[in-house]
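Please read the structure below before turning to the comments.
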Amino acid sequence: MNSIQKTKFDPATIRRDFPILDQMIYKNRKLVYLDNGASTQRPLPVIEAMTDCYRMTYANVHRGIHYLSERSSAQYEAARIAVQEFIGAEHSNEVIFTSGSTAAINTVAHSLFTEERKLNPGDEVLLTIMEHHSNIVPWQQLAARTGAVVRFAGITEQGELDWEDFESKLSEKTKLISVAAISNVLGTRIPIADIVSKAKQFGAFVVVDAAQHVPHEPTVVSEWGADFIAFSAHKMLGPTGIGILYGRQALLEAMPPFLGGGNMISSVTTEGFTPGELPARFEAGTPPIVEAIGLGTAIEYLKNIGVEAIREHEAELTVLAHDLLPRIDGLRILGPPPQKKAGIISFVVDGLSAQDIAIFLDRQGIAIRAGHHCAMPLHDYLGIPNSCRASFYLYNTREDVERLAEALAVVVAKLR
Ligand SMILES: Cc1ncc(COP(=O)(O)O)c(C=O)c1O
């Protein structure tokens, strides 16, 4: 594995680790990558750790008693410990490797409620209107299986959680609350510890969709007190195909496995099977071995830079964007003011389609996202069909934001 030098926070230095960012596209346009909410790029140490594994240490984990399998298994489990330490989980077996945030949330939706802990018709699952489809559809599917009802807390005009509405929808019927710690559209931060303390009054479980939080802001499991947390490696400099479900040990131990197959059992007979211990009972089949190793290296990289430093850097870019973008005729940024949000800037421009704007920006070398960002209910609630989204990460610079603002001014003038 490449040794990672301790770095002073400096985007210019950091960018040297990301060759993908240092390229001209469409012949002579310098690439500006502002689609980090969808997926981030990987630094060389992550790419090299994965390549090194494929070159020298790869084998399937846990099963073989041979040199390569032992090495892969050790690296795979080291990645689990890296995740455990990164989020301050008490036990490493509370960290389950899944294929992503989506799979993590689906695991809870399939396994938490059982015959003994039944979700009855009329019981409620409370979400917010800001959720990503990954944190809506699994609950709707659960509701369809059980007769439970999915409810949505609204937001204020500023794009923050409407506490009054949230509390009015909380009752003895609420069995589970599932919320994003940071909205992938508005950037809004949700006070998770407050949600958990409210939930406890009603004995409801809390799931946190931390896909946009863990990569960008320090995350400490015990400060939230939530039952489950989901996040994805590809949004935090790691590879695709791997994510994490954190769950409180006692809860996970009491949950039946979601997927059946190899690795998740302690024994199988022709009559049936006995599930294995944590974390294997939730990791059926061959896991994303090399991806876990890449994630472990991504975490090492992030820790060296410091997630708090990343948060501060993104806050600076967010302030700049909130200063420059609204100067553009008819442009409106969605969501709260910069101090109350993460580095996600969604906006609409009067009379212009989000797609047209994104296509024009792309031709200038600037990658943003246009559409509903997997949050159709939020866009319906806001009364808009879609929006543009620029989202920042550690390697973005003030110049990136300035180029976005300049190009936007041109496209708006041109398309009007
Ligand atoms: C808030 C939020 N939740 C969940 C997801 C789904 O993540 P994945 O596609 O990695 O499972 C995303 C991805 O954009 C997200 O932003």
Side-chain angles (χ1 to χ4, degrees), residues 33-42 83 87 96-110 125 127-141 150 152-153 155 159 161 177-190 192 195 206-217 219 224 226 228-246 258-259 282 287-288 291-292 294-295 298 314 334-335 341-346 367-379 381 386-393:
Y33 186 76
L34 297 175
D35 195 18
N36 296 288
S39 203
T40 62
Q41 302 297 344
R42 283 122 211 88
V83 174
I87 61 170
I96 311 289
F97 287 129
T98 66
S99 65
S101 305
T102 304
I105 295 170
N106 273 279
T107 301
V108 180
H110 275 270
V125 171
L127 315 176
T128 82
I129 198 67
M130 287 178 276
E131 303 311 317
H132 187 282
H133 297 165
S134 294
N135 195 26
I136 298 176
V137 179
W139 307 118
Q140 290 174 329
Q141 291 174 311
V150 179
F152 293 86
I155 53 174
L161 178 65
I177 300 170
S178 192
V179 290
I182 289 176
S183 156
N184 70 310
V185 179
L186 305 179
T188 309
R189 289 194 191 91
I190 304 297
I192 299 296
I195 299 256
V206 177
V207 179
V208 183
D209 173 355
Q212 300 290 347
H213 192 281
V214 172
H216 303 276
E217 316 225 334
T219 305
W224 278 350
F228 301 98
I229 300 173
F231 54 103
S232 301
H234 68 98
K235 294 185 196 286
M236 50 190 286
L237 309 182
T240 54
I242 183 164
I244 284 92
L245 170 63
Y246 157 84
F258 168 35
L259 296 173
F282 287 103
E291 289 75 7
L295 169 61
E314 290 178 25
L334 309 174
K341 71 194 280 193
I344 294 175
I345 314 286
S346 291
I368 64 157
R369 178 111 184 235
H372 51 64
H373 321 302
C374 296
M376 280 182 167
L378 174 63
H379 283 81
Y381 187 89
N386 48 37
S387 57
C388 292
R389 180 182 75 184
S391 46
F392 308 135
Y393 210 13

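Counting convention: from 1, in listed order, for ligands and their atoms alike. Side chains included, hydrogens not; waters and symmetry mates left out as well; all remaining heavy atoms used.
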Between Tyr246 and Thr219, does the side-chain contact (heavy atoms from CB on, under 4.5 Å) criterion hold? Intermediate values first, please.
CA-CA 12 Å; Tyr246 157 84; Thr219 305; over 6 Å; no
Contact atoms of ligand 1, heavy-atom distance to [X] under 4.0 Å:
X	value
Ala211	2 (C), 3 (N), 4 (C), 15 (C)
Ser232	7 (O), 8 (P), 10 (O), 11 (O)
Gln212	1 (C), 15 (C), 16 (O)
Asn184	1 (C), 16 (O)

Shortest protein heavy-atom distance from [atom], along with the residue and atom involved:
atom	answer
atom 2 (C) of ligand 1	Asp209 OD2, 3.4 Å
atom 14 (O) of ligand 1	Lys235 NZ, 2.5 Å
atom 15 (C) of ligand 1	His132 CD2, 3.3 Å

Taking the six-membered ring for Trp, are His110 and Phe258 parallel (under 30°), tilted (30 to 60°) or perpendicular (over 60°)?
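The rings of His110 and Phe258 lie parallel, inter-plane angle below 30°.
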Kindly determine whether Ile155 and Leu378 satisfy side-chain contact (heavy atoms from CB on, under 4.5 Å), including the steps that lead there.
CA-CA 9 Å; Ile155 53 174; Leu378 174 63; 3.8 Å; yes
Passes side-chain contact (heavy atoms from CB on, under 4.5 Å), Ile177 versus Ile195? Steps please.
CA-CA 8 Å; Ile177 300 170; Ile195 299 256; 3.9 Å; yes
Below 4.0 Å, non-hydrogen atoms only: which portion of [X] touches ligand 1? Side chain, backbone, both or neither.
X	value
Thr102	both
His373	neither
His234	side chain

Are any of the N/O atoms on Ser134, whether in the backbone or the side chain, positioned under 3.5 angstrom from an N/O atom of ligand 1?
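Ser134 vs ligand 1: no N/O contact under 3.5 Å.
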So, 4.0 Å and heavy atoms of Asn135: is ligand 1 close enough to count as a contact?
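Asn135: no contact with ligand 1 (<4.0 Å).
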4.0 Å heavy-atom contact, His133 with ligand 1:
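Not so, His133 does not reach ligand 1.
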Distance, nearest 0.5 Å, that separates NE2 of His216 from CD1 of Ile182
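CD1 of Ile182 is found 7.0 Å from NE2 of His216.
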